[in-house]
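Data block below; observations after.
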Amino acid sequence: MNSELVIKDLRVSIEDKEILKGVNLTVKPGSIHAIMGPNGSGKSTLLRLILGELRPDSGEVIAGSRLQIAYFDQQRELLDPDKTVRENIGEGSDFVEVRGRSRHVVGYLKDFLFPPERIDSPVRILSGGERNRLLLARLFTRPANMLVLDEPTNDLDVDTLELLEDLLADYDGTLLIVSHDRSFLDNLVTSTIIFEGDGRVGEYVGGYDDWLRQRRPPPEPGLRKAATAPAVRPPPPEPARRKLGYAERRELESLPRRIETLETEQRRLEEDAGRAEFYQQEKPAITAALTRLEALNEELQQAYRRWEELELKEG
Ligand SMILES: Nc1ncnc2c1ncn2[C@@H]1O[C@H](COP(=O)(O)OP(=O)(O)O)[C@@H](O)[C@H]1O
Ligand SMILES: [Mg+2]
């Protein structure tokens with residue numbers, strides 16, 4: 001049941017340089033975190049610790065028993081240049097499993113802007129942008145409930161950037177995304193993890209802009225030009241920390257409609273299933289309807305829980 005990730009007092013030095021000095025984080029299932037900080041501050045190192053590729057000097061990374069991580073690393077996840085696009089993604093099969101659905105590679109790759117005539121080309125002749133798209137396509141076929149992306153937006157063309165943003169917004173697992181692209185992240189994330197220098201890491205609710213607001217509240221406009229303003233103004237009060245990030249608020253707003261849609265479908269299917277003719281259909285049709293009904297119940301339970309959770313958090 002548990003797909004949480006907990007990081008406890010993680011410390012690591014590389015060649016006598018302290019990269020992480022006691023980092024604590026809890027990554028809840030379904031949450032979306034931006035990881036930001038200057039080059040060389042330790043972002044990729046933190047990801048490698050999470051992935052178990054690097055051992056800390058002290059502290060722990062505790063992965064829940066159900067946690068399954070897939071990793072996007074532009075430097076290292078190599079495509080086989082002599083194999084075709086189709087072979088690189090399907091690994092011999094023409095079907096891939098994406099979010100519990102079996103998809104034909106041709107249709108799936110179309111989503112990633114590969115025309116059917118392109119998919120039997122060897123990867124060798126693809127442009128850099130096409131290779132990025134293929135890597136992304138492959139990432140979403142990995143069985144995982146957490147995606148870790150290290151600078152996924154580097155070298156992406158605008159179309160692929162938009163595609164990636166949509167895919168991430170629709171993704172229902174947990175996301176950890178290292179990126180310098182603030183506009184990309186601000187629409188998406190529930191929290192921002194910032195390398196603040198000196199091996200310290202802070203976590204803030206919302207996107208980078210929220211972080212800026214939390215750190216440096218703007219002066220009140222009325223005070224700025226007032227002749228009576230005291231020479232030394234008291235520091236402005238800390239603004240209340242936003243309880244819901246942008247993405248969460250958007251989610252909360254969309255939940256009632258989503259629940260209504262699900263309930264309508266559920267009602268319709270239940271009515272169908274209650275009719276005498278229902279069991280006179282072909283067996284696959286019966287199975288499909290009953291499976292869908294079961295999935296709907298589960299989705300609804302999840303939606304109710306999430307609604308409650310967000311309502312409570314908003315206070
Ligand atoms: N294999 C390595 N050998 C030596 N130094 C390294 C190695 N990996 C990382 N570092 C150092 O650790 C620091 C953090 O690197 P990294 O985690 O890659 O930063 P970021 O991803 O934030 O740019 C850097 O100062 C880098 O020089
Ligand atoms: Mg890096």
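Below, all heavy atoms of this structure are taken into account, side chains as well, without hydrogens, waters or symmetry copies. When a ligand or atom number is given, it counts from 1 through the structure's own listing order.
Looking at atom 25 (O) of ligand 1, its nearest protein heavy atom turns out to be K17 NZ, 2.8 Å. At the shortest separation from atom 9 (C) of ligand 1 among protein heavy atoms lies I14 CD1, 3.9 Å. Here the heavy atom of the protein found nearest to atom 15 (O) of ligand 1 is T45 OG1, 3.7 Å. Among all non-hydrogen protein atoms, the one lying nearest atom 18 (O) of ligand 1 is S44 CB, 3.7 Å. Counting only heavy atoms of the protein, atom 19 (O) of ligand 1 lies nearest to G42 N, 3.2 Å.
Stacking of R133 on the aromatic ring of F114 is recorded, both the 6.0 Å distance cut-off and the 45° axial limit being met.
Other residues, nucleotides and ligands place more than 12 heavy atoms under 6.0 Å from the CD atom of E117.
Nearest heavy-atom pair across R55 and L49 is C-CD2, 3.7 Å. Across every non-hydrogen atom of A137 and L109, the tightest pair is CB-CD2, 4.2 Å.
For atom 21 (O) of ligand 1, the nearest protein heavy atom lies under 4.0 Å away.
Counting only distance, with no hydrogens or angles, the side chain of T160 and the backbone of L156 share no donor-acceptor pair below 3.5 Å.
Using a 4.0 Å cut-off to heavy atoms of P38, the atoms of ligand 1 that qualify are 22 (O). Within ligand 1, the atoms closer than 4.0 Å to a non-hydrogen atom of N39 are 23 (O), numbered from 1 in the order shown. The I19 neighbourhood of ligand 1 comprises atoms 12 (O), 13 (C), with distances under 4.0 Å to a heavy atom of that residue.
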Subject >> Pair Y71-L149, side-chain contact (heavy atoms from CB on, under 4.5 Å): steps then yes or no >> reply: CA-CA 6 Å; Y71 182 35; L149 298 102; over 6 Å; no
Subject >> Derivation of the side-chain contact (heavy atoms from CB on, under 4.5 Å) call for Q266 and N297 >> reply: CA-CA 8 Å; Q266 185 190 43; N297 286 334; 2.4 Å; yes
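Residue K43 has at least one nitrogen or oxygen atom sitting less than 3.5 Å from a nitrogen or oxygen atom of ligand 1, judged on distance alone. Residue G40 has at least one N or O atom closer than 3.5 Å to an N or O atom of ligand 1.
Following chains of ILVMFWY side-chain contacts shorter than 4.5 Å, one can reach L51 starting from L67, so the two form part of one hydrophobic cluster.
Donor-acceptor pairing under 3.5 Å is lacking for the side chains of T190 and E248.
Looking at L20, N24, I50 one by one, the single match for side chain to side chain contact (heavy atoms under 4.5 Å, CB included) with I7 turns out to be I50.
Classification of the Y171-F140 ring pair by plane angle, with boundaries at 30° and 60°, yields perpendicular.
The set of protein atoms (N, O or S) found at less than 2.8 Å from the Mg ion (ligand 2) reads S44 OG, by chain and number.
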